[in-house]
Amino acid sequence: MRDLWIKMCGNSHTGSFKDLGMTVLVSVVRWAMRDHGLSVRAIACASTGDTSASLAAYGATAGIPVVVLLPRGKVSTAQLVQPLANGALVLALDTDFDGCMAIVQQLAEAGLVYLANSMNALRLEGQKTVAIEVVQQFDWEVPDWIILPSGNLGNASALYKGFAMLKALGLTFKLPRLVVAQAERANPLVRAVRAGATTVTPMKAEPTVANAIQIGAPVSAPRAMMALAAMNGLAIDATEDEIADAAARADLTGTYCDPHTGVALAALFKLRAQGAIGENERVVVISTASGLKFTEFKVGYHERALAGIESRRANAPVVLPPTLGPVVDAIRARWP
Ligand SMILES: *Cc1c(COP(=O)(O)O)cnc(C)c1O
């Protein structure tokens with residue numbers, strides 16, 4: 001491919017693109033509390049890890065208490081430690097993301113907390129800036145394709161909103177084609193599109209290395225279906241092995257891919273193999289998190305310890321005595 005770009009949205013304050021929307025939400029809540037008499041005990045979210053890290057950081061900055069509901073044992077160590085470090089009340093529940101979501105919605109309905117999940121339009125307004133930045137970085141040209149790893153589907157809808165706004169303002173003249181990429185183990189949108197359905201049927205999402213998108217009942221599914229239709233989009237899924245291999249393949253070019261970006265890259269490789277994406281088309285893959293948040297995934301891959309994953313590109317350290325001979329031999333063995 002000649003014109004492939006990875007937009008590094010995970011190079012941000014808490015290491016995921018969730019910061020883009022969360023800074024808007026927390027800023028507006030703080031303004032409403034200070035100047036307009038909004039009174040909330042805390043801002044709360046259900047999270048697969050990155051949303052809670054982001055909310056905890058911006059909440060602490062703004063001096064607003066934060067409650068996060070996480071599925072116990074299903075987020076990476078870094079994702080769990082981030083909200084703890086920022087002083088949030090971290091509730092680890094013995095359920096999945098969808099179970100946490102159901103509870104936090106009831107907390108919000110009871111008026112106990114202000115809801116920070118992505119059905120909140122303030123989040124989507126912030127996430128929309130990805131579209132604006134992409135177009136600006138190409139001198140106001142719209143790429144042919146944009147590939148996004150997706151779970152709750154808020155960002156698919158936010159991207160559409162961003163690109164549609166640019167076009168409505170006359171800054172651009174077309175929409176890119178959208179690829180919504182999902183893990184096969186949590187692929188309700190892909191299933192719906194495959195079945196030719198107009199609505200998404202919730203499923204039970206199975207554990208995946210792409211834990212931030214292990215979501216079976218996406219709240220923004222109707223908005224994402226609209227985005228797909230308007231952007232002549234595709235929905236593609238990837239197996240655990242395809243995800244890990246895509247991330248490892250990209251790492252060998254100098255990136256340090258988180259598993260979600262791996263999902264998007266796996267979708268890209270499939271679409272190139274099928275010829276759906278042409279060699280000369282401009283493609284932007286949205287990298288949604290920093291690989292540094294997913295050390296367990298990286299270590300597991302290179303130690304060949306991930307279930308269902310072949311680790312074809314694993315690279316293990318060579319342990320040697322501290323003498324010259326074996327070191328020379330090791331270098332010669334690698335490049336005979
Ligand atoms: C939240 C998240 C996604 C998916 O975004 P949705 O709006 O839920 O579809 C993808 N990758 C990472 C790393 C995330 O944190």
Side-chain angles (χ1 to χ4, degrees), residues 6-22 25 45-57 68 70-71 74-76 78-80 82-83 96-98 100-101 116-121 123-128 130-131 146-162 178-183 186-190 200 205 208-225 227-228 233 235 237-238 243 247 256-267 285-294 297:
I6 301 182
K7 177 140 179 73
M8 302 298 283
C9 297
N11 290 356
S12 66
H13 179 62
T14 69
S16 90
F17 76 154
K18 298 288 197 298
D19 289 344
L20 297 166
M22 203 56 84
L25 180 135
C45 70
S47 174
T48 50
D50 292 327
T51 302
S52 57
S54 192
L55 177 59
V68 305
L70 293 170
K74 297 195 177 97
V75 307
S76 76
Q79 289 171 316
L80 177 66
Q82 285 178 296
D96 55 10
F97 169 81
D98 299 301
C100 292
M101 192 68 233
N117 278 100
S118 61
M119 66 272 274
N120 187 319
R123 291 266 310 280
L124 300 185
E125 286 303 309
Q127 298 297 135
K128 193 165 100 172
V130 174
I146 192 137
I147 307 182
L148 178 73
S150 300
N152 225 3
L153 298 172
N155 280 282
S157 131
L159 269 182
Y160 168 54
K161 278 186 89 170
L178 173 68
V179 179
V180 171
Q182 296 198 300
N187 64 350
L189 184 84
V190 173
V200 174
T208 164
V209 287
N211 68 276
I213 56 176
Q214 187 191 328
I215 296 174
V219 298
S220 294
R223 285 190 277 227
M225 288 300 258
L228 276 182
D237 60 5
I243 294 166
Y256 193 67
C257 252
D258 70 288
H260 315 87
T261 306
V263 174
L265 288 167
V285 169
I286 305 298
S287 175
T288 50
S290 164
L292 292 169
K293 288 180 84 162
F294 299 91
F297 166 68

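Counting starts at 1 for both ligands and their atoms, in listed order. By convention here, the first residue in the shown sequence is residue 1. Values below: every heavy atom of this structure, side chains too, minus hydrogens, waters and symmetry copies.
- Tested against Gln79, the residues Thr51, Thr14, Asn211 include a single side-chain hydrogen bond (donor to acceptor under 3.5 Å, both in side chains) partner, Asn211.
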Contact table, ligand 1 N/O with protein N/O, distance under 3.5 Å:
{"residue": "ligand 1", "atom": "5 (O)", "partner": "Asn155", "partner atom": "ND2", "Å": "3.3"}
{"residue": "ligand 1", "atom": "7 (O)", "partner": "Gly154", "partner atom": "N", "Å": "3.2"}
{"residue": "ligand 1", "atom": "7 (O)", "partner": "Asn155", "partner atom": "N", "Å": "2.9"}
{"residue": "ligand 1", "atom": "7 (O)", "partner": "Asn155", "partner atom": "ND2", "Å": "2.7"}
{"residue": "ligand 1", "atom": "8 (O)", "partner": "Asn152", "partner atom": "N", "Å": "2.9"}
{"residue": "ligand 1", "atom": "9 (O)", "partner": "Gly151", "partner atom": "N", "Å": "2.8"}
{"residue": "ligand 1", "atom": "9 (O)", "partner": "Asn152", "partner atom": "N", "Å": "3.3"}
{"residue": "ligand 1", "atom": "9 (O)", "partner": "Leu153", "partner atom": "N", "Å": "2.8"}
{"residue": "ligand 1", "atom": "11 (N)", "partner": "Thr288", "partner atom": "OG1", "Å": "2.7"}
{"residue": "ligand 1", "atom": "15 (O)", "partner": "Lys18", "partner atom": "NZ", "Å": "2.6"}
{"residue": "ligand 1", "atom": "15 (O)", "partner": "Asp50", "partner atom": "OD2", "Å": "2.7"}

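- Using modelled atom types, one side-chain atom of Gln182 and one backbone atom of Leu189 make a donor-acceptor pair closer than 3.5 Å.
- In this structure, the side chain of Asp258 engages the main chain of His260 through a donor-acceptor pair within 3.5 Å.
- Ser16 places no side-chain N or O within 3.5 Å of a backbone atom of Ala289 that could act as its donor or acceptor partner.
- With sequence neighbours left out, the side-chain contact (heavy atoms from CB on, under 4.5 Å) criterion links Thr208 to Ala183, Arg185, Ala210, Gln214, Glu240, Ile243.
- Residues Lys293 and Ser76 come closest through the heavy atom pair O-OG, 2.9 Å.
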